[in-house]
Amino acid sequence: MTRFAKVIVDVPSKQTNRPFDYMIPAEMDPWIEVGSRVGVPFGPRTVQGFVVGFTSESEVNLTRMKSIKELLDLVPPLSPDLVELGAWMSRKYVCHDIAALQSMIPTALKGKVERVLHVSETYGDEELLWLPEEQRVLDTVDRQGPMKLEQVTTMFPEHEKIIKRLLKQGFLIETQSIKDRVAKKKVKVVFITIQEDQADEVLTSFPAKARRQKEALEFLMQTWQPMLMTELLAELHTTSSTIKGLEDKGYVEIREMEVFRDPYADRRFKKSVAMELTEEQQHVYDALEGALNTREHNVFLLHGVTGSGKTEVYLQSIQHCISQGREAIVLVPEISLTPQMVERFKSRFGSMVAVLHSRLSNGERYDEWRKIRERKVKVAIGARSAIFAPFEDIGLVIIDEEHETSYKQEESPKYHARDVAVKRAAQQGAVVVLGSATPALESYLAAVTNQPLAGSEDGAALKLLSMPTRVGGRSLPKVHVVDLREELKNGNRSMFSRDLYQAIEDRLAKKEQMVLLLNRRGYSTFVMCRTCGYVAQCPECDIALTYHQKSDHLRCHYCGHAEKAPKTCPSCQSEHIRYFGTGTQRVEEELAKLFPGIRVIRMDVDTTTEKGSHEKLLGQFRDRQADVLLGTQMVAKGLDFPYVTLVGVITADSALNIPDFRAAERTFQLLTQVAGRAGRHHLPGEVYIQTYTPEHYSIGHASEHRYKPFAEEELEHRRKRGYPPYCKLILITFSHEQLPMLVRMSENFATRLKEEAQTRGWIHMLHQAADDAIELLGPVASPIPRIKNRYRFQCMLKYRGNVDAVELVRAVSAEFDEHVRSDQLTISVDVDPQMLM
DNA sequence: AGCACGCCGACT
DNA sequence: GTCGGCGTGCTC
């Protein structure tokens, strides 16, 4: 029986957000599966699509139904369970199906249409009068054979209309196909084709002229093994024409072979073996092994203090999972931030690991991904999107530092990897481990109340495991909270308190190392004129510009706009223009002034954009080429250096004063994480936290390493004020170039939301005791009211119980589709937002 | 999203 | 009378 393919096409619009039916050419049929990537004719063009199902009968008139044009991969890039996961994601996070599917595959496979032109066969048959420019275009294409449309238009930039006309009249013919962005890497390998017993015969009869060829052949005869062309040429200092000559004589064969680009090719990893577990670790491991043995879906929250040895537990659980014949996925916040982590996995599992590094080139990432799809590895480790690793028999998913905000994708689809992971594990009967020293309150509450995570309702109830002590009985570092108000009273206006100053001096004398954290890059936070009060702002965003000293520029940290720093006030020409606030560059300068000869490595977005710069800087610090590692929050995570005995937080307040209900949680997490960097080995550690609000509970609890009391206090706040995890949120952001239009649209939207909530019979008040409730806040201007010349307004929906607010938003958004299309309005929906910007 | 079809204003 | 503006609708 013939079957038709249901295809989701790569056309991101509301009207095309459904499967289209296609016929399957007979020769393709055995290869087409759910998850296959295909090129299909769609209207006048060819687009990429994914097969999401099959049907034996279609509503579509068979005379109008088209056929799949090309199959783009022999092995489908998506498995049926990933296709299903995509459907779940598009529903949960309000995005097009195609966007969800595309987010699961490497960018290398986001095919582009290639349009190729050739001249009709009838050209030249008839005596037609051509315009001179038509003649030129036709002759060029005719002479060159099939040409990419792009090439033709760049050759004749002003003849676009003529090309279009020739196409319409059929003198030029266009063929479209889908091309991947990155080709598989191929290498030439030289195979020796003669037998060993023929060697003498061949060599004696070798033409005397072909000395180089003979040398090459003799070289290959030393091993009789195939050899990489590049290596062979380097060894013999010759060119490929020599080897070609040998090929012509039939002594060797040159074959092109696919290889994987290996970003770790030049690195050697010492083989490591399982370490003996402490009693605490063993307890946790036993629970995980037990769960793996049932082969059922389970979710654990592993609360382990920094330095409690979570990684070793991960490694051994993965080992067990692999020995069961199943696969494992490990998510880490931002893998390039933790080269140490990669190293541990590589040295334990060697070539069984694929690393999906966020700073790999597209080609490298594609190759790592192919290793997974082609079952060459058993473990995938990577950032957020590694949760889509195309394994088919997953036993274990580990999410390290599960509270990290980088698990939430800020672009559409705005998914949370933690929730996707639980969903995928539920599909596959896999065990999930959420590991953290400072669990997200959502996870913690679910674990202590034995409920599934709020973001992934299909998941199993969370079970709490904990590891409250550090490996080797090392104590947590002593934390000093320094009240900066007191310092100011005592006339100290420097960025270092006397205590921190002395501590730095002390470590320098002892030749120990320190980590200093400041949550702000650049030199200063804003630039102001003392005469007229002018503040330098980004011309396209309503946000203050930051001064960067090295380049002497003002920079917008939102859109990247940069301008030369003014010497006089642009508004009143006064020379009293001053820089306020402190950034990492300024701290670096101050350190150099106060401690002559101090060696500082500064690590922030500005110094780590270059590929590999991260590893380089950390390597230098590890080798003790510097005394101080100074940086933004990226220095707080996962680093482990034996000689670090001092951690200083320049101002804890910058994280606390962000207008976000999670500010206290973030501050607690940041302080606890950074404090954990000190004294991890034989030397005891010490931490100084400078703040203007030492009485704040997040700082107090962090300084005493008390997670549970903090969590309880913070949960109480959330419950009282009606914030997650006691309700759910949807943030809807509207943006438009014209403010009045934006205000009108967002108000209309809000009104429609309220009306629809009412017709569905939902109580529009969260503060009432009702189990099912919904509340709308806004519209109000967004915290950043304008970005890139577009004004921004937002609405927040809070809801709980059996209220399907996502469906509500989806329905109302659909009504505004025309406005989105024609009025340059954009509506962005963020389900379970992590940042309220 | 593209692209075609279709109905109203300023020009050869 | 035509060229071209972008409003509406379709894509298996």
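Heavy-atom basis, side chains included; hydrogens, waters and symmetry copies ignored. Every chain is numbered from 1 and lettered A, B, ... according to where its sequence line falls, protein lines coming before strand lines. The model shown is predicted, which means the values in this text are computed figures rather than measured ones.
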Give the rounded distance in Å between these two atoms: [atom1] of [X] and [atom2] of [N].
X      : N      : atom1 : atom2 : answer
A:K112 : B:dG2  : NZ    : C1'   : 17 Å
A:R45  : C:dT11 : CZ    : P     : 13 Å
A:M65  : C:dT11 : CE    : P     : 13 Å
A:K66  : C:dT11 : NZ    : C1'   : 7 Å
A:L149 : B:dG2  : CG    : C1'   : 15 Å
A:Q15  : C:dC12 : CD    : P     : 14 Å
A:E818 : B:dA1  : CD    : P     : 14 Å
A:M23  : C:dC12 : CE    : C1'   : 9 Å

Kindly confirm whether the side-chain ring of A:F20 is stacked on the base of C:dC12, judged by centres under 5.5 Å and planes under 30°.
-> no

Does one side chain, of A:S456 or A:K92, offer a donor that lies under 3.5 Å from an acceptor on the other?
-> no

Do A:T826 and A:S735 meet the criterion of a side-chain donor-acceptor pair at a distance under 3.5 Å?
-> yes

Just checking A:Y22: base, sugar-phosphate only, or nothing, at a heavy-atom cut-off of under 4.0 Å?
-> sugar-phosphate

Checking all strands, does A:P19 fall into the base, sugar-phosphate, or nothing category for heavy-atom contacts under 4.0 angstrom?
-> nothing

Distance in Å, A:Q15 CD paired with A:H96 NE2, rounded so as to fall on 0.5 Å steps = 10.0 Å

Closer than 4.0 Å, any side-chain N/O of A:R64 to the OP1 or OP2 of C:dC12?
-> no

Looking at C:dG9, does its base get a donor-acceptor pair with the side chain of A:R821 below 3.5 Å?
-> yes

Which nucleotide, B:dC3, B:dA1, C:dC12, lies nearest any side-chain atom of A:R115?
-> B:dC3

State whether the side chain of A:S406 and the backbone N or O of A:P333 hold a donor-acceptor pair below 3.5 Å, judged by distance alone.
-> yes

Side-chain heavy-atom pair A:V38, A:Y22 within 4.5 angstrom cut-off | no

